[in-house]
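Side chains are part of it too, since the values below use all heavy atoms of this structure and drop only hydrogens, waters and symmetry mates.
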Amino acid sequence: MPGKRSQVISWDEFFMRVAVAASLRSKDPNTQVGACIAGTDHRILSVGYNGTPHGLSDDEFPWGDSDDPLNDKHNYVIHAEANAILNYRGSLKELSGATVYVTLFPCQECAKTLVQAGIGEVVYLDDKYHDTVGGAISRAVLDRCGVRYRQVALPLEALD
């Protein structure tokens with residue numbers, strides 16, 4: 001009788017691949033972000049990606065950056081982490097201690113939202129805003145609230 005297969009991907013890789021897949025749903029031409037929330041029992045609780053709120057047609061949406069706040073995408077897009085929390089349909093107590101896998105380190109607003117939802121750990125792929133004030137505030141929020149965070153890498157073929 002053959003033994004079980006030993007070459008399986010880790011939980012980190014599995015959930016991060018789900019986050020990467022979610023990011024492919026984003027219509028943002030510059031930054032596609034995906035998030036996957038995994039419970040402490042290795043169940044997927046929710047996924048999300050950065051996009052416009054329901055009722056706002058992304059076909060008519062101003063996807064560019066603009067000096068006019070009414071035409072700047074940043075004022076309309078809901079981030080992947082917030083969408084993952086909003087998409088969750090279970091009891092909020094199940095989010096307590098959960099891990100969010102996100103393709104981009106959370107902004108300061110998402111860091112606060114994740115803390116408030118009870119997320120216990122943030123696992124991320126990219127931290128391109130690390131050296132910004134917002135990046136420093138995000139890390140300060142997570143640090144002060146006891147939320148762990150760490151970066152992981154995926155094999156290149158997982159990102160294609």
Any side-chain heavy atom of [X] sitting closer than 4.5 Å to one from [Y]?
X: I37; Y: Y88; value: no
X: V141; Y: S138; value: no
X: P106; Y: V122; value: yes
X: V20; Y: L154; value: yes
X: E13; Y: P155; value: yes
X: M16; Y: L125; value: yes
X: L56; Y: Y76; value: yes
X: K73; Y: D28; value: yes

- Verify side chain to side chain contact (heavy atoms under 4.5 Å, CB included) between Y129 and L104, making sure each step is shown before the conclusion. CA-CA 9 Å; Y129 299 111; L104 183 62; 3.9 Å; yes

[X] with [Y], same ILVMFWY side-chain cluster at under 4.5 Å:
X: V18; Y: V152; value: yes
X: L92; Y: V100; value: yes
X: V123; Y: W11; value: yes
X: Y124; Y: V115; value: yes

- Steps toward side chain to side chain contact (heavy atoms under 4.5 Å, CB included) verdict (K128, T31): CA-CA 11 Å; K128 73 177 180 179; T31 306; 3.6 Å; yes

To the nearest 0.5 Å, how far apart are [atom1] in [X] and [atom2] in [Y]?
X: L142; Y: Q108; atom1: CG; atom2: CD; answer: 11.5 Å
X: L24; Y: T103; atom1: CG; atom2: OG1; answer: 9.5 Å
X: S91; Y: K93; atom1: OG; atom2: NZ; answer: 5.0 Å
X: F15; Y: R43; atom1: CZ; atom2: CZ; answer: 10.0 Å
X: N30; Y: D65; atom1: CG; atom2: CG; answer: 6.0 Å
X: K112; Y: I137; atom1: NZ; atom2: CD1; answer: 8.0 Å

- Message: Could you go through E121 and R150, starting from their C-alpha distance and side-chain angles, then the distance that decides it, and tell me whether this counts as side chain to side chain contact (heavy atoms under 4.5 Å, CB included)?
- Response: CA-CA 8 Å; E121 183 176 29; R150 59 190 169 88; 2.6 Å; yes

- Message: Looking at R148 and D143, is there a salt bridge between them, counting it only when a charged N and a carboxylate O are closer than 4.0 Å?
- Response: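 Result for this pair is no, no salt bridge flagged.
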
- Within 6.0 Å of CD in Q116, more than 12 heavy atoms from elsewhere: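 Incorrect, the count does not exceed 12.
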
- Message: Is a donor from one side chain sitting under 3.5 angstrom from an acceptor on the other, for S26 and N50?
- Response: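 Note: S26 and N50 side chains meet the donor-acceptor criterion.
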
Contact summary for [X] and [Y], nearest pair of heavy atoms:
X: A82; Y: C110; answer: N-SG, 4.4 Å
X: G34; Y: S23; answer: N-CB, 3.4 Å
X: G48; Y: N83; answer: CA-CB, 4.1 Å
X: G97; Y: T40; answer: O-CG2, 3.6 Å
X: A98; Y: G39; answer: CB-CA, 4.2 Å

Do [X] side-chain atoms and [Y] backbone N/O form a donor-acceptor pair below 3.5 Å?
X: S46; Y: I85; answer: no
X: Y149; Y: F105; answer: no
X: R139; Y: G135; answer: yes
X: D72; Y: D68; answer: no

- Item | Centroid-centroid under 6.0 Å between F14 and Y101 rings |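 Centroid separation for F14 and Y101: 6.0 Å or greater.
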
- Message: Quick one, H79 with V33, criterion side chain to side chain contact (heavy atoms under 4.5 Å, CB included). Give me CA distance, side-chain angles, the key distance, then yes/no.
- Response: CA-CA 8 Å; H79 289 185; V33 181; over 6 Å; no

